[in-house]
Amino acid sequence: MSLSILWAILITTLGTWWLYLIYKLGQGLNQFPEFSKQTGLPKNYLKLVIYEGAAFFILILLVSVAVFVFYLRGQKRTNQLQEFFASLTHELKTPLASIRLQTEVIFELIEKLKNDRLEKLAQRQISDVQNLETQMDKLLQLSRLNRGGKLQLNSLELNSFLFACISKWSTGLNIQTKLKKPIYIMADEFALELIFRNLFENTKNHSGDTFAQIEIIESKDIIQIVYSDHGKFDGNINKLGNIFYKHNSKKGSGIGLYLTTLLIKKMNGKVSFDNKNGFTINLFLGVAK
């Protein structure tokens, strides 16, 4: 959009400058008939300037139209790809959820057999399916936001929401909580759930440990959710939240923290990162009135 504005300003500037030049030249030839003799310019010089200027300006306009047409074609193809991936992601969610539920049932049956190897394999399968579901939801949410989708902010009780997320998505992690009295925040439930799934995945992939802690700090109008683990980050912390930034890590997709930052901003909040004592992510959201 900014490039289009700059291009329009450039064309307008060139057109204005050329018209001003023609006006001044015509004014000089009319006021000073001997001007062409003194300078050696032919009498039809003004017409030549007008024709050349018009041809040059028309050429620029044609190039602009061509660029705009190619841009629209590219944008149309991009939208088609986004719709395809959104549709594919949506179609894959149902079988993945079914596989996860079936695996959880199998895991419950295996627990009765007291077979440690089978329990580990079933638990690993549950964790892998959860990771796949998280990746699918990331792509679906990112595609929806890129197409102009909006979040639905509602009053949400934070403590019960966090317990539900931990119970459902923190397989293989040891999550400790420091929660106080019931707190209500303004948030989109699905978006906030996806954020914590991203944080759990980040701990699994990058911390080298299974421990994580969630603490709530309450103020008058803002709720601060502090998520910390034992991860070590030696990259540029100011680049965290940029899309596809993974520093030296080969794990993850590179869109988790970017999507987290984007969703929190869509919920009128903000995100900050700290790596002084382990790795800490601070989420700031508004209190429900």
Side-chain angles (χ1 to χ4, degrees), residues 82 86 89-90 93-94 96-97 100-101 104 129-171 173-204 211-229 240-241 243 253 255-274 279-289:
Q82 287 180 347
T89 302
H90 185 74
K93 282 185 64 179
T94 301
L96 281 175
R100 178 170 58 83
L101 291 174
E104 289 175 350
V129 173
Q130 286 181 344
N131 288 338
L132 281 174
E133 285 186 293
T134 300
Q135 298 302 328
M136 291 296 154
D137 285 334
K138 284 181 187 179
L139 294 174
L140 187 62
Q141 188 69 275
L142 189 59
S143 175
R144 190 170 73 88
L145 292 176
N146 286 336
R147 288 181 295 165
K150 296 182 180 180
L151 302 183
Q152 299 295 326
L153 302 186
N154 297 297
S155 178
L156 181 66
E157 203 286 297
L158 187 57
N159 292 355
S160 59
F161 168 82
L162 287 175
F163 282 128
C165 282
I166 292 170
S167 175
K168 186 177 181 181
W169 299 107
S170 66
T171 303
L173 293 178
N174 175 24
I175 309 292
Q176 295 185 3
T177 58
K178 293 183 178 180
L179 306 179
K180 300 179 181 179
K181 62 182 181 179
I183 297 173
Y184 291 86
I185 59 173
M186 292 300 296
D188 181 291
E189 184 172 357
F190 176 75
L192 194 59
E193 180 181 346
L194 183 57
I195 286 171
F196 278 97
R197 287 160 64 183
N198 287 335
L199 299 185
F200 296 155
E201 180 188 24
N202 193 68
T203 297
K204 292 177 184 179
F211 171 82
Q213 179 177 281
I214 300 175
E215 182 180 1
I216 307 297
I217 301 175
E218 184 180 7
S219 63
K220 183 178 180 181
D221 297 317
I222 300 294
I223 297 298
Q224 179 182 354
I225 306 172
V226 183
Y227 182 92
S228 58
D229 57 31
L240 284 176
I243 192 167
S253 60
I255 64 173
L257 292 181
Y258 166 76
L259 191 57
T260 295
T261 303
L262 181 62
L263 289 173
I264 289 293
K265 287 182 178 179
K266 291 284 186 180
M267 291 187 280
N268 303 318
K270 65 177 183 178
V271 180
S272 67
F273 305 97
D274 184 14
F279 184 69
T280 302
I281 301 176
N282 300 290
L283 309 176
F284 299 88
L285 290 169
V287 177
K289 300 297 182 181

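Scope of the values below: all heavy atoms of this structure, side chains included, with no hydrogens, waters or symmetry mates.
Between Glu157 and Ile183 the shortest heavy-atom distance is OE2-N, 3.1 Å. Nearest heavy atoms, Trp169 versus Lys204: O-NZ, 4.0 Å. Looking at every heavy atom in both residues, Ala212 comes nearest to Tyr227 through CB-OH, 3.4 Å. Across Cys165 and Glu193, no two heavy atoms sit closer than the pair SG-CG, 3.9 Å. The minimum heavy-atom distance linking Gly286 with Ile222 is given by the pair CA-CD1, 4.5 Å.
Residue Ile195 is tested with Leu263, Ile281, Val271, Asp188 for a side-chain contact (heavy atoms from CB on, under 4.5 Å); the sole match is Leu263.
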Worked verdict on Met267 versus Leu151 for side chain to side chain contact (heavy atoms under 4.5 Å, CB included): CA-CA 7 Å; Met267 291 187 280; Leu151 302 183; 3.6 Å; yes
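Interatomic distance, CG of Leu158 versus CD1 of Ile216, reported as 4.5 Å (0.5 Å rounding). The distance from the CZ atom of Arg197 to the NZ atom of Lys168 is 7.0 Å, given to the nearest 0.5 Å. Note that CG of Leu173 and CG of Asp229 are 9.0 Å apart. Values are rounded to the nearest 0.5 Å.
With hydrogens and angles ignored, the 3.5 Å screen pairs a side-chain donor or acceptor of Thr261 with a backbone N or O of Leu257.
Every residue two or more places apart in sequence or in another chain was checked for a ring-ring contact (aromatic ring centres under 6.0 Å, His included) with Tyr184, and none qualifies. Listed by chain and residue number, Asn282 satisfy the side chain to side chain donor-acceptor pair (under 3.5 Å) test with Ser272 (two or more places apart in sequence, or in another chain).
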